[in-house]
Structures are given as C-alpha cells and as structure tokens.
Amino acid sequence: MEKKVRVRFAPSPTGGLHLGGVRTVLFNYLFAKKHGGDFIVRIEDTDQTRFVEGAEEYIFNTLAWCGLTPDESPLHGGPYAPYRQSERKASYKQYADQLVQAGYAYYAFDTPAELEKMRAEYKTDENPSPQYNHLLRTKMHNSLTLSEAEVSELLAAGTPHVVRIKMPLDETVSFTDMIRGEVSFNTSQVDDKVLLKADGMPTYHLAVVVDDYLMKITHAFRGEEWLPSAPVHILLWKYLGWSAEMPQWAHLPLILKPDGNGKLSKRDGDRLGFPVFAMDWTDPKTGETTIGFKERGFLPEAFVNLLALLGWNDGTDNEVFTMDELIAAFSMERVHKGGAKFNYEKALWYNQEWIKRATSAQLVEQVAETLAAAGVAADGAILLRVIDLVKERCTLMADFVTQGSFFFVSPSEWDTASIQPKWNDQKNMFFIELAKAFESSIVWEAHDLENTFKEITAAHGLKPGELMLPLRIMLVGGKFGPGVFDIAEIIGKQETVNRIQKVLSILEHN
RNA sequence: GGCCGGUUCGUCUAUCGGUUAGGACAGCCCCCUUUCACGGGGCAAAGACGGGUUCGAUUCCCGUACCGGCUACCA
C-alpha cells in the first residue's frame, strides 16, 4: 500500500511571510490535497536570537486568510506534537550522539573567536571563504584531532562544544529532485556543517531530518536556496539508518525582483511601491508596518491564484483557477526550474479578474467594510446594485471607495474645471429646467430619466453630448463611473436635484 | 574563488525533434461606449552564443557567456 502523503511547511518565526514563503506553502498544500494527504506546519524556532514576537501568530493568520488550513500544527494539534522545534529540543541530542558514536560526526570545541581566526588565516583570493571541511578540521580543536582522554576531560568539564557532521572524502551524493531531475554533489566540496549547537539546540540541518523522519514526511518541498545543503541532509538520512524512509525532494524556484536581478525582498516592495508580504506586518521592535496584499485590497482567491501561476501552469492557456481547480490540476513536475520575476501589473490583473467574477453578494461584506473605513455608510440593498454597476472598474478593493462613495454621499469636490470652459447661459437654463422636470417626475427610473433629458435637450436645440458630461460631473464629481441615469436612479430624486442645483450655484459664483 | 542551479517576446509562460514558435500581462491602433471601465478586433515583440548528434533542433549532448543561490553555532 502506498504511504499516505504528508508534507510540511517549516517556517522560522522571524517576521512577515513574503510571496515566496506563501507560494511554498501553497505548493505543499496543493500537492498534499491533490494526493489526499496531510499538510503539516512545523515551526522552526531553533535560533533564539532571531525569534520575533508575534511572527508565529502572523503566519497562522496568513494561512487562514489564504485558505490554506494545516491538518497538523502547533495551533491545530496532531499526533506528532509538539510541532515547535524549541519544544522538541530534548529529542535531538540522542541522534547527534548516535552519529558521533558511529563515527559520522564529531565534537568540536572551537570558540567563535577561533573560527574567526581560522577564516582570516586561510582566506585567500582564490578561497575567500574557507570552510570547516575535511582539510581544515585537522587543524582545529575537535574530537578528531584531540586524544580520547582530552575529549572526555573537556566534555566532563562542560566545555561548550558543537557536533559537526564528518563529510566523507570524495564520494558522490545524488538524488532525484521532482522538479530538477538528478542532482549530484561531491562530498569533498561540502563542509562539516554544525548539527547541534553549543546551546543544545539543533541546527536546521539536523532538525529537519529528524523531524521529517519522526513526522513521517513523504515529500519535502522547499526553496531553491536549500539545494546546496541537500547532500548534508541526504547523508544524514543515510547515517541515521533511515534511507528507506527518506522523503522525495523538490526545490522550488525563487521569486525574483521585477527589475534587475536577485531574489525579491521586502525592500523591493518598499522601493517599487507594491506589497511583498501577504498581510500587514508590524515589526515589534521598530513599530514599522509593512503593507500586505490583503490590506492593499487583494482578494485571497486572487492572491493564491497569482502565486500558483508564478512558476507553474497546467499546460493549457487557462490562467484563472479556484483553489479546487488548482488542487485538481497541480503537479510538481510542471513547476518551473527557473526563477520568476515578480510582475505587479499581472498581479493587479488577477485581482481585477477575481473582483469581476465575484458576485455582488460575495463582495458586499468586504466592500461595506472598505467603505466604512473611508467613512461611508453603505446600505445593503443599494450596495448590492452599486457593486454590480462598478465592480468591473475596480482593480483593488480600495477602488470601491472612489467608484462607489458618490452613491451614498454627495461629492465634496466637483471637477468644474471640465465644465466651465464651455459653460453658458443656455446650458444653465437647461439644467434649471432639467432639475424642475426631475423634481416633478412621477416615475424614477433610469430609462425615463434619459427620455426626459433628451426631450429637454431637443426643446433647447442642444446636443445631448455636450450636456451629458456636465450632468455626470454634477452627480459624480468627476469624469468616471457607470451610466449617469443609472446613478440618478439609485441616488434618488431629491439627491439628484440637489446635486444639480449645488453645482449650478458653484458655477454661478465663478 | 569554489560548489550547485538556471537561461523562449519587456514580464509570466506553452512547446514532451518536424509549429507561420501559441497564450497572458504591459505597450500601440481600431471598434463598442455622449465619461471611466468592461468587452471585441488588430499590431509589435522571443529560442543567450558556439559546437556537435540527427534527414531535421527551441527541444538531446558538450563548451562558453550571462544570471541566480549557497559558501554562519541563520533558516
């Protein structure tokens, strides 16, 4: 029987979740759900110096907003708890010891200062960053160079030390990456990574292997930046005697900055004016808030959609997918190898697509919230009609404010500059009469209003074209929005007449 | 520097050796629209370079160039 698929997303709680991180979650999630498996979130908080208050909560809020609910996590519980590595601290040492016992790892007593000295000493133009590797370990302070007695003495004295993996000489480690195919490394080129730190915490390298094993992870997906350390992990699986259980790997391509080169960073968003984080993130130390896609006015469906199509496609021309469609269509083999430059314009297009496709009923709650935040109280029944009328001209949720406010509150400013140049007494008379006609009309429907409007223009010997724009500006405030008579119908007789008269008086005083 | 990965229109991408190299975003033009959008139609735009393999390479192999990642007791 096939093993049940189990994947994990393993973030460090160090700050906001950016595009790349959410996409990694997404691909994990899609793969798991596609295969009827479980999606686990494990918090990798092994570095206390980088721990950031609130970051873990933020991660779960983001997952909830995106609709990527974990099956197991510190928040959701599960049979392999705890899901926080700091709480699993005690379980790693035995594996480190096991590796030392078997000769696959060793104790190293070098102090940070000694390491620094070593790097400075061996640094050359050809080798700018000397590695603690098979060559240099013979010159350092460790259980390979020290006598057994010395080592026991140091250990007994409680001397601070780390455990390092002993990379073998000139062996080939290879594995099949689900995206890249076979990738191989020569072990002589890989350094002796620290497995267990002096504070007793494991490094990522040990923790990821131990926890993936213990949690029965079948597929391990992570960013491409992890590819260089894959041989360490593969060897660890082997040295711990778990080769048969090793998950299948896939290293996801990076998301690159839109201009120039390099991977996308928070700075690029600040610089180019678009969000990089999924949701607003406030740094607890500086108090500085970084805008998120959610707060910028993206729909979660659009955010998920655009992320999925950054580096993946189903082979057809289809670009708009619901979560269920993504799950059905997803396959790791169709993920791109190369990194993708993030394009905010395209992201906006996805959002507009999703707003367009959403029904007014689906949008009403959020739109009401958005309007309320801008100080506009919007009534439910009318709001539904307004949303239907304006949604196709909204790219971001915030656009509903400019596109929808004038239905509920009179404009505070009018683009009279666009009326004035061609304004004259004749037009003034026309609008006075129009207001009167509107005021006395019995039926208040767009179609009838348009007829009334046309009858009066004809009676005055005017062309509707030169009066339509002034009317629009009177009702809307500017040169935008849906059909003028639809607007008039919705805002009602009194309000329509009021707005016409208000602008008439402004024009008169200029 | 070393190791690993990558390379199709400006951008995201399709192509599983044979295509006028397709689509989308952005750009430009036209239509629709007495506003702004939506929508419809059109234009422009690509296989990094050099060698092989092959009847035939964007596709397979090698080299070069360029780009990226890693090179911490960070993940």
Side-chain angles (χ1 to χ4, degrees), chain A residues 10-14 44-47 49-50 108 110-112 115-116 119 123-133 160-164 177 179-180 183-186 188-191 193-205 207-208 222-231 251 253-254 256 258-263 306 309-320 336-350 352 356 390-395 399 402-403 415 418 457 463-469 471-473 476 478-484:
Chain A
S12 296
T14 55
E44 310 232 341
D45 54 349
T46 54
D47 185 1
T49 64
R50 296 212 314 162
D110 317 279
T111 64
L115 289 172
E116 207 175 306
R119 291 192 181 105
K123 186 175 165 179
T124 61
D125 284 346
E126 293 76 45
N127 185 11
S129 44
Q131 310 260 289
Y132 201 119
N133 60 11
H161 62 277
V162 301
V163 174
R164 285 180 183 272
D177 186 286
I179 294 169
R180 288 152 214 285
V183 182
S184 53
F185 302 82
N186 184 300
S188 297
Q189 303 288 347
V190 184
D191 62 333
K193 291 275 181 236
V194 169
L195 265 21
L196 200 67
K197 303 186 241 186
D199 63 2
M201 276 286 196
T203 59
Y204 172 82
H205 306 294
V208 74
R222 72 235 291 202
E224 189 186 344
E225 69 269 26
W226 288 108
L227 205 41
S229 47
H251 291 86
L254 267 15
L256 279 10
D259 59 338
N261 300 304
K263 65 175 170 180
L306 72 93
L309 273 284
L310 243 194
W312 173 88
N313 70 83
D314 72 343
T316 73
D317 287 340
N318 190 197
E319 294 188 277
V320 179
H336 250 246
K337 296 184 179 79
K341 288 187 183 176
F342 179 66
N343 183 216
Y344 188 56
E345 296 295 331
K346 187 82 185 230
L348 289 173
W349 175 79
Y350 275 108
Q352 188 175 25
K356 249 163 44 193
V390 306
K391 69 179 185 185
E392 62 212 23
R393 47 206 98 203
C394 293
T395 301
D399 294 333
T402 47
Q403 293 291 338
D415 180 12
S418 295
T457 49
K463 288 181 202 147
E466 27 182 354
L467 298 160
M468 203 70 111
L469 188 67
L471 212 213
R472 164 174 301 282
I473 291 173
V476 175
K479 295 187 276 188
F480 61 91
V484 220

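Numbers restart at 1 for each chain; the letters A, B, ... are given by sequence-line order, proteins then strands. Computation of the quantities below employed the complete heavy-atom set of this structure, encompassing side-chain atoms and omitting hydrogens, waters and symmetry-equivalent molecules.
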field: side-chain contact (heavy atoms from CB on, under 4.5 Å) assessment of A:Lys193 paired with A:Thr203
entry: CA-CA 9 Å; A:Lys193 291 275 181 236; A:Thr203 59; over 6 Å; no

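- With a glycosidic angle no further than 90° from 0, B:rC38 counts as syn.
- Contacts of A:Lys356 with the nucleic acid, taken as non-hydrogen atoms under 4.0 Å apart, involve only primed sugar atoms and P, OP1 or OP2.
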task: Evaluate side-chain contact (heavy atoms from CB on, under 4.5 Å) for A:Leu256 paired with A:Phe342, printing each intermediate quantity in order.
output: CA-CA 6 Å; A:Leu256 279 10; A:Phe342 179 66; over 6 Å; no

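- Base pairing of B:rU15 is not made with any nucleotide, judged by Watson-Crick or G-U wobble geometry with both donor-acceptor distances under 3.5 Å.
- For the residue pair A:Thr316 and A:Asn318, no side-chain donor N or O sits within less than 3.5 Å of a side-chain acceptor on the partner.
- Using a 4.0 Å heavy-atom criterion, one finds that A:Pro482 contacts the bases of the nucleic acid, with or without backbone contacts as well.
- In this structure B:rC4 sits in a base pair with B:rG68, meeting the Watson-Crick or G-U test at under 3.5 Å.
- Side-chain contact annotation: A:Arg180 with A:His251, donor-acceptor N/O pair under 3.5 Å absent.
- Heavy-atom minimum distance, A:Thr46 versus A:Pro202: CB-O, 3.4 Å.
- Across the C1' atoms, B:rU7 and B:rC12 are found 15 Å apart, a figure rounded to whole Å.
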task: Tell me, with the steps shown, if A:Arg50 and A:Glu44 meet salt bridge (charged side-chain N to carboxylate O under 4.0 Å, His left out).
output: CA-CA 11 Å; A:Arg50 296 212 314 162; A:Glu44 310 232 341; over 6 Å; no

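- Within 4.0 Å (heavy atoms only), A:Gly478 reaches no atom of the nucleic acid at all.
- OP1 or OP2 of B:rA72 has not a single side-chain nitrogen or oxygen of A:Lys197 nearer than 4.0 Å.
- Base pairing of B:rA21 is not made with any nucleotide, judged by Watson-Crick or G-U wobble geometry with both donor-acceptor distances under 3.5 Å.
- At a cut-off of 3.5 Å, with distance as the only test, a side-chain donor of A:Asp415 or A:Ser418 sits close to an acceptor on the other residue.
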Taking only nitrogen or oxygen atoms into account, show me every contact under 3.5 Å that the protein makes with nucleotides 21-26 of chain B, one pair per line with its distance.
residue, atom, partner, partner atom, Å
B:rA24, O4', A:Glu319, OE1, 3.0
B:rA24, O2', A:Glu319, OE1, 2.7
B:rA24, O2', A:Lys346, NZ, 2.7
B:rA24, N3, A:Lys346, NZ, 3.2
B:rC25, OP1, A:Trp349, NE1, 3.4

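- Within the shown strands, B:rC43 is the pairing partner of B:rG27 under the Watson-Crick or G-U definition, both distances less than 3.5 Å.
- Whole-Å rounding puts the A:Gln189 CD to B:rG1 P distance at 15 Å.
- As rounded to whole Å, 7 Å separates atom P of B:rC70 from atom CD of A:Glu225.
- Nucleic acid contact class of A:Gly338 (heavy atoms, under 4.0 Å, all strands): sugar-phosphate only.
- Across all strands shown, B:rU34 forms no Watson-Crick or G-U wobble pair with both key distances under 3.5 Å.
- Going from the C1' atom of B:rC38 to that of B:rU33 covers 10 Å, rounded to whole Å.
- Within the 4.0 angstrom heavy-atom criterion, only backbone atoms of the sugar-phosphate kind lie near A:Ser12; the bases stay farther away.
- Remark: C1' of B:rG69 and CZ of A:Phe185 are 11 Å apart, rounded to the nearest angstrom.
- Between A:Leu256 atom CG and B:rG6 atom C1' there is a gap of 10 Å when expressed in whole angstrom units.
- Comparing the P positions of B:rA72 and B:rC9 gives a spacing of 35 Å, expressed to the nearest Å.
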message: Test side-chain contact (heavy atoms from CB on, under 4.5 Å) on A:Leu309 and A:Tyr350; report intermediate values, then the result.
response: CA-CA 10 Å; A:Leu309 273 284; A:Tyr350 275 108; 3.3 Å; yes

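- B:rU34 and B:rG42 have their C1' atoms separated by 25 Å, with the value rounded to a whole Å.
- Nearest nucleotide to the side chain of A:Pro112, out of B:rC73, B:rC12, B:rA14: B:rC73.
- Ranking B:rA75, B:rG69, B:rG5 by closeness to the A:Asp47 side chain, first place goes to B:rA75.
- Across all strands, A:Thr14 comes closer than 4.0 Å to no nucleic acid atom at all (heavy-atom distances).
- Considering only residues two or more places apart in sequence or on other chains, A:Pro231 meets the side-chain contact (heavy atoms from CB on, under 4.5 Å) condition with A:Val173, A:Phe185, A:Val190.
- The side chain of A:Ala340 has B:rU13 as its nearest neighbour among B:rG5, B:rC70, B:rU13.
- In the set B:rC73, B:rG6, B:rC36, B:rC73 carries the atom at the smallest distance from any side-chain atom of A:Leu115.
- Atom CZ in A:Arg50 sits about 14 Å away from atom P in B:rC73, given to the nearest Å.
- A:Asn186 meets the side chain to side chain donor-acceptor pair (under 3.5 Å) test with A:Asp170, A:Ser188; sequence neighbours excluded.
- Comparing the C1' positions of B:rG1 and B:rU59 gives a spacing of 34 Å, expressed to the nearest Å.
- Side-chain atoms of A:Arg393 and base atoms of B:rC38 include no donor and acceptor less than 3.5 Å apart.
- Between A:Trp226 and A:Tyr204, the two ring planes are parallel [angle under 30°; tilted spans 30° to 60°].
- Using atom P as the reference point in both B:rC3 and B:rC25, the two lie 43 Å apart (nearest Å).
- When each of B:rA75, B:rC73, B:rG5 is scored by its nearest atom to the side-chain atoms of A:Val183, the top-ranked nucleotide is B:rG5.
- For the P atoms, the distance linking B:rA45 with B:rG10 amounts to 10 Å, nearest Å.
- The residue among A:Pro128 and A:Thr203 whose nearest nucleotide of RNA chain B lies closer to the 5′ end is A:Pro128.
- Between A:Thr46 and B:rA75 there is a side-chain polar atom (N or O) within less than 4.0 angstrom of OP1 or OP2.
- Between A:Lys341 and B:rG10 there is no side-chain N or O to OP1 or OP2 distance below 4.0 Å.
- Searching all strands for a Watson-Crick or G-U wobble partner of B:rC49 with both distances below 3.5 Å returns B:rG63.
- In this structure, of B:rU13, B:rG1, B:rC73, it is B:rU13 that holds the atom nearest to the side chain of A:His336.
- The residue A:Arg222 sits apart from the nucleic acid: no heavy atom pair falls under 4.0 Å.
- Between the CG atom of A:Asp259 and the P atom of B:rU11 there is a distance of 12 Å, given to the nearest Å.
- Distance A:Lys193 NZ to B:rA75 P: 11 Å, rounded to the nearest Å.
- If you check every strand for non-hydrogen atoms under 4.0 Å, A:Val194 touches sugar and phosphate atoms only.
- Residue A:Leu310 is the one, among A:Gly465 and A:Leu310, whose nearest nucleotide of RNA chain B lies closer to the 5' end (criterion: closest heavy atom).
- Distance noted for atom C1' between B:rC43 and B:rG50: 35 Å (whole Å).
- Whole-Å rounding puts the A:Ile179 CD1 to B:rC4 C1' distance at 15 Å.
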